[in-house]
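A short worksheet on the structure shown next.
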Amino acid sequence: MSNLHGKKILIGVTGGIAIYKVLDLISRLKKEGAELRIIMTKAATALVNPQTFQTMARCPVHTEMFKDEPTYDVEHIELAEDCDLALVAPATANTIAKLACGIADNLLTTTLLACKKPVYFAPAMNTNMLHHPATQRNIAMLREMGYGFIDSNSGFLACNIIGDGRMAEPQEIVEFMKTACTEKDLCGLRIMVTAGPTIERIDPVRYITNDSSGKMGYAIAKAALDRGAEVLLVSGPTSLEVPSGVQFTSVTTNEELYQAIDRDFEGIDVLIMAAAPADFRSEVVEDQKIKKKDALQLQLVKNRDIIGDFGQKKTHQTLIGFAAETEELVENAREKLRSKRLDYIVANDVSEPDSGFNVDTNRAVILSEKMKIALPLMLKREMADRILDLLKR
């Protein structure tokens, strides 16, 4: 279940041309299970009819400070109090300036001044407006007051120039909101996560590897970061985007992976070994491409047992390993747990089509010496949080 599920989010919509993105944003937030309330400024209603937002969000859209119909609530106070957080998107230079100066001349600014919940701005404006000293001063003032900002991107703007000031994309804003709504229960922990495969060369064009996509490790790294941990991500080759905010190290071979872990091992609290290192390497790596032959024999030698080595070296660290199995799942995982001196092991059957490598879902069994937890099929991000729950103090 998304950590936005059931969250009451107040969205303030101002009169920026990026307003068209907010419709997509609202759709995404609804799919995450959020409960929305919307305030539109007069300028915003000139760009998009409030009925459009009301239909998309399936909630009332508030536009006027004073209305003829009777009400028994002070509207801007009720809106400010009945939310878990507020988001202004697009956030124009005008609205940012008003809040920085404490001006309350419409329903949105009045509500925001009365709001004691977290408030975030997604700026959208012309590059020159964004970088004007007054705007930069206003943003700095709001940051000092505790307001949050979802930084704009650089790109093609409505004014036909390329520059800063393009509002963050809806998916980026949703991910930011997920992080903002995540309990920071892992603060103070320094967690290293390894991910992806390693590669062992045979010759300049061929290598030994495995099917690991890195998705589980990257999901754990992102979840740990969202929950307040300091995260070091060490990854073999993948096509995944590195989560913003992690300390990232790229490796290729088994030995490079070992060296990257060893460099920081004494200073970490937790090692989560989600990587799938190659178990073997070619005894001889040819300098030139091996020519095609009717038969080719490779002499393979065993690679260093990385998690086993660090299991022997650990002092204060918690070690969580993974067991990708195709048979006797629990039995093989228990043996690995004991022989490698792990605190926990996450075992999954990679022969299942919806579990293991190259898919977004997983099912697993978490084992320790005294515990066994069977996790049903779920998204890898959900499983990442279940694994990280083991570390809660």
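When reading the values below, keep in mind they use all heavy atoms of this one structure, side chains included, and skip hydrogens, waters and symmetry mates.
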Any donor and acceptor pair, going by atom type alone, linking the side chain of [X] with main-chain N or O of [Y] inside 3.5 Å?
| X | Y | answer |
| --- | --- | --- |
| Arg201 | Ser282 | no |
| Asp305 | Gly308 | yes |
| Ser368 | Tyr344 | no |
| Glu256 | Thr252 | yes |
| Arg206 | Ile290 | yes |
| Glu32 | Lys30 | no |
| Glu200 | Asn254 | yes |
| Asp343 | Ile320 | no |
| Thr198 | Ala278 | yes |
| Thr95 | Ala91 | no |

Are [X] and [Y] ion-paired here, with the side-chain N under 4.0 Å from a carboxylate O?
| X | Y | value |
| --- | --- | --- |
| Lys21 | Asp24 | no |
| Asp82 | Arg37 | yes |
| Asp84 | Lys8 | no |
| Arg334 | Glu331 | no |
| Asp262 | Arg304 | no |
| Lys302 | Asp279 | no |

Do you see a donor-acceptor pair shorter than 3.5 Å between the side chains of Asn303 and Arg281? yes
Does either side chain, that of Ser235 or that of Tyr218, offer a donor lying less than 3.5 Å from an acceptor on the other one? yes
Using a 6.0 Å cut-off, check whether atom [atom1] of [X] has over 12 heavy atoms from anything other than its own residue.
| X | atom1 | answer |
| --- | --- | --- |
| Lys31 | NZ | no |
| Lys372 | NZ | no |
| Tyr207 | OH | no |
| Lys313 | NZ | yes |

Minimum-distance pair of heavy atoms, taken over all atoms of [X] and [Y]:
| X | Y | result |
| --- | --- | --- |
| Ala86 | Leu112 | CB-CD2, 4.2 Å |
| Glu169 | Asn153 | N-ND2, 3.9 Å |
| Pro197 | Thr238 | CD-CG2, 4.3 Å |

Decide salt bridge (Lys or Arg N to Asp or Glu O under 4.0 Å) for Lys215 and Asp360; before the verdict, give the C-alpha distance in whole Å, the side-chain angles of both, and the deciding distance to 0.1 Å. CA-CA 7 Å; Lys215 289 184 176 182; Asp360 294 325; 3.0 Å; yes
Under the side chain to side chain contact (heavy atoms under 4.5 Å, CB included) rule, collect the residues that match up with [X], sequence neighbours excluded.
| X | answer |
| --- | --- |
| Gln247 | Arg190, Glu230, Leu232 |
| Ala97 | Asn138 |
| Asn126 | Asn128, Met129, Cys159, Ile161 |

Supply the atom-to-atom distance [X] [atom1] to [Y] [atom2], rounded to the nearest 0.5 angstrom.
| X | Y | atom1 | atom2 | answer |
| --- | --- | --- | --- | --- |
| Asn362 | Asp349 | CG | CG | 10.0 Å |
| Ile96 | Arg137 | CD1 | CZ | 12.5 Å |
| Lys291 | Leu296 | NZ | CG | 13.5 Å |
| Arg381 | Arg386 | CZ | CZ | 14.0 Å |
| Ile272 | Met216 | CD1 | CE | 9.0 Å |
| Phe121 | Ile139 | CZ | CD1 | 9.5 Å |

Please lay out, stage by stage, how Phe322 and Met273 fare under the test side chain to side chain contact (heavy atoms under 4.5 Å, CB included). CA-CA 7 Å; Phe322 278 71; Met273 190 75 177; 5.6 Å; no
Check whether any side-chain heavy atom of [X] lies under 4.5 Å from a side-chain heavy atom of [Y], and answer yes or no.
| X | Y | answer |
| --- | --- | --- |
| Leu87 | Val119 | no |
| Asn210 | Pro277 | no |
| Val88 | Tyr120 | no |
| Asp211 | Asn358 | yes |
| Phe265 | Lys314 | yes |
| Arg363 | Glu352 | yes |
| Thr249 | Val251 | yes |

Quick one, Met177 with Ile9, criterion side chain to side chain contact (heavy atoms under 4.5 Å, CB included). Give me CA distance, side-chain angles, the key distance, then yes/no. CA-CA 10 Å; Met177 302 297 277; Ile9 302 176; 4.0 Å; yes
Evaluate Asn106 against Thr41 for side-chain hydrogen bond (donor to acceptor under 3.5 Å, both in side chains), listing each step before the verdict. CA-CA 7 Å; Asn106 60 32; Thr41 64; 5.8 Å; no
Derivation of the side-chain hydrogen bond (donor to acceptor under 3.5 Å, both in side chains) call for Arg341 and Gln312: CA-CA 7 Å; Arg341 294 189 68 224; Gln312 298 303 316; 4.6 Å; no
Is there a side-chain hydrogen bond (donor to acceptor under 3.5 Å, both in side chains) between Asp164 and His131 once you walk through the steps? CA-CA 9 Å; Asp164 299 333; His131 290 290; 2.9 Å; yes
The criterion is side-chain hydrogen bond (donor to acceptor under 3.5 Å, both in side chains); which residues satisfy it with Lys7, sequence neighbours excluded? none
Contacts of Asn49 that satisfy side-chain hydrogen bond (donor to acceptor under 3.5 Å, both in side chains) - sequence neighbours left out: none
Determine, stepwise, if the pair Ile202 / Leu298 fulfils side chain to side chain contact (heavy atoms under 4.5 Å, CB included). CA-CA 9 Å; Ile202 297 171; Leu298 290 177; 3.7 Å; yes
According to the ring pair (Phe, Tyr, Trp, His ring centres under 6.0 Å) rule, which pairs have a member within residues 238-262, sequence neighbours left out? Tyr258-Phe310
Steps toward side chain to side chain contact (heavy atoms under 4.5 Å, CB included) verdict (Leu29, Ile11): CA-CA 11 Å; Leu29 289 172; Ile11 299 181; 3.8 Å; yes
